[in-house]
Number of protein chains: 2
Amino acid sequence: MEPAQRAVQERRRAGRPSQAVLSSARITKAALKLVSHSGYKGLTMAALAKSLNVAPSALYNHVHSKQDVLLLVEDHLMGRVDVSAFTDRPWVEAVSIWAHSYRNVFAAHLPLIPVIALLPVTNAPKTITMYEAVTNGFLAAGWPPSAIIDAIVALESFIYGSAYDANAPGNIFDTGTMAPAVPNFSAAVARRGLKSAETAGATARNDADAAFELGLAAMVAGLAATLT
Amino acid sequence: MEPAQRAVQERRRAGRPSQAVLSSARITKAALKLVSHSGYKGLTMAALAKSLNVAPSALYNHVHSKQDVLLLVEDHLMGRVDVSAFTDRPWVEAVSIWAHSYRNVFAAHLPLIPVIALLPVTNAPKTITMYEAVTNGFLAAGWPPSAIIDAIVALESFIYGSAYDANAPGNIFDTGTMAPAVPNFSAAVARRGLKSAETAGATARNDADAAFELGLAAMVAGLAATLT
DNA sequence: ATTCTAAATGAACATCATTCATTTAGTGAA
DNA sequence: TTCACTAAATGAATGATGTTCATTTAGAAT
């Protein structure tokens, strides 16, 4: 059998191969595929190595740690966040489109949120590019440069928290045996999302979506008000 | 030596002791002390057991998992969140006081955020009590019950994200070698927080605080506007 | 007296990320 | 050409950590 058609089961012999087997891009794609199949619980260095037909220790020639792998995945996913509206739509609409896209992408990748929120963007080119597009949208809308980053951070904070909330179970506010002790909260939970005349046209598909729409509209309106 | 004055080094012999050594309350307090001394990295079941002068396996007679320990700690900390303003202050001010307190408490306990955001409150009495107080404040301000939970969830989402951001390193937006490729973002980062005439009176102690104040004011104003 | 349950010990496990010695392939300098 | 150096692979070992299980002991219930 030709080396180029090496079967998955065959062992490669020790030593540097003529053609490099691994690369950041291959590791990123394999990690993403692994996550989509088995979730983040399935994303272990051993499983990642196996999916690349490589020994686990080989990965460490390309990344310093598993955190590095997560950063690669994070940056790749950031390319899926839709910033296109910042070039041709009004600021309020563009922010909404961006925020929805951003939340949707990372709601499916919760374990990356600490990575995005805490690690410098220095080695995340797609992330940096995303920020440039957003910044341009803010500038075009007349935002003073000194306030833009704070506004973006505020919106991102809400987006990250909303990504978590999108994964909350339906019974998250179940008060159980304490219900009689907290009647007003229990009643509010029971009435959550009941259509009123005003909200009859709303389109939220579930509770988490409704909370996200409400909070996003509020923050965007509040931020827009600080501009005038 | 009396059993009551047992030294830390002595081993207890196997078998059920006359007086129970462990309890949820003791485990909670020991976990909290451990975290305050060594952080969440230091909160291992082995270290927790050692601090209680107990074998690690003994903990599992009182909690099902480490997640359970985190839930105990989370609920205990929720008692530190200040909801007092909801009884005697205007809604806008009360929400601000509550949100600041909430963020400050959990910014020091980041690993608990997934626990709060994803686990049912059913076994977290202090958390439930906190929600009742907040709900009462919303009701007193004239909020319709059907909208209260969504509003609380939206605010909490922002608070959780802001707790993360409060732990971000100072160089989180360092674009490094990509700076020339993203000039507007880099400039906005450089100008972040520069005092303008309008913000000259602001009191933010650092960038994260400034973003939190901006976002909170925006969301509170936006939410208040939906009431009228 | 006997049985059952709760709560402790201590040993063992399984899972993981990570490190290290070793091997092999290419590259650049002497 | 030779030699040294670096890059990239293997495979074995390590250390940390959460968790389980058999066993022991104490008190409560039958």
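The analysis underlying the following values was restricted to heavy atoms, covering all of them including side chains, and did not include hydrogens, waters or symmetry mates. Chain letters run A, B, ... following the sequence lines, proteins first and then strands; every chain starts at 1. These numbers were taken from a predicted model, which means no experiment stands behind them.
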*Pair of N/O donor and acceptor under 3.5 Å linking C:dA6 base with B:Asn61 side chain*: no
*Which side chain to side chain donor-acceptor pair (under 3.5 Å) pairs, counting each pair once, include a residue from residues 62-72 of chain B, with sequence neighbours left out?*
B:His64-B:Asp68
Restricting to nitrogen or oxygen on both sides, can you table the protein-nucleotides 19-22 of chain D pairs closer than 3.5 Å?
unit_1: D:dT19; atom_1: OP2; unit_2: B:Tyr60; atom_2: OH; d: 3.0
unit_1: D:dT19; atom_1: OP2; unit_2: B:Lys66; atom_2: N; d: 2.8

*asked:* Taking salt bridge (Lys or Arg N to Asp or Glu O under 4.0 Å) as the definition, give me every residue that meets it alongside A:Asp207, ordered by chain and number, with sequence neighbours left out.
replied: A:Arg192
Between [atom2] on [N] and [atom1] on [X], what's the gap in Å once rounded to a whole number?
X       : N      : atom1 : atom2 : value
A:Gln19 : D:dA7  : CD    : P     : 18 Å
B:Lys41 : D:dG15 : NZ    : P     : 15 Å
B:Leu34 : D:dT17 : CG    : P     : 11 Å
A:Lys50 : C:dT15 : NZ    : P     : 12 Å
B:Leu48 : D:dA16 : CG    : C1'   : 16 Å

*Presence of B:Arg12 side-chain N/O under 4.0 Å of C:dT9 phosphate oxygens OP1/OP2*: yes
_Side-chain N,O (B:His62) to OP1/OP2 (C:dA8) below 4.0 Å_ = yes
Pair up each side-chain donor or acceptor in residues 155-163 of chain A with any protein partner under 3.5 Å, not counting sequence neighbours, and list the distances.
unit_1: A:Glu156; atom_1: OE1; unit_2: A:Tyr131; atom_2: OH; d: 3.2
unit_1: A:Glu156; atom_1: OE2; unit_2: A:Tyr102; atom_2: OH; d: 2.6
unit_1: A:Glu156; atom_1: OE2; unit_2: A:Tyr131; atom_2: OH; d: 2.5
unit_1: A:Glu156; atom_1: OE2; unit_2: A:Tyr160; atom_2: OH; d: 3.0
unit_1: A:Ser157; atom_1: OG; unit_2: A:Val153; atom_2: O; d: 2.9
unit_1: A:Tyr160; atom_1: OH; unit_2: A:Tyr102; atom_2: OH; d: 2.8
unit_1: A:Ser162; atom_1: OG; unit_2: A:Phe158; atom_2: O; d: 2.8

*Is there a donor-acceptor contact under 3.5 Å from the side chain of A:Glu74 to the main chain of A:Ile116?*
no
*With sequence neighbours excluded, what pairs up with B:Ser186 under the side chain to side chain donor-acceptor pair (under 3.5 Å) test?*
B:Thr175
*For residues 94-117 of chain B, which residue pairs qualify under salt bridge (Lys or Arg N to Asp or Glu O under 4.0 Å), counting only residues two or more places apart or in two chains?*
B:Arg103-B:Asp209
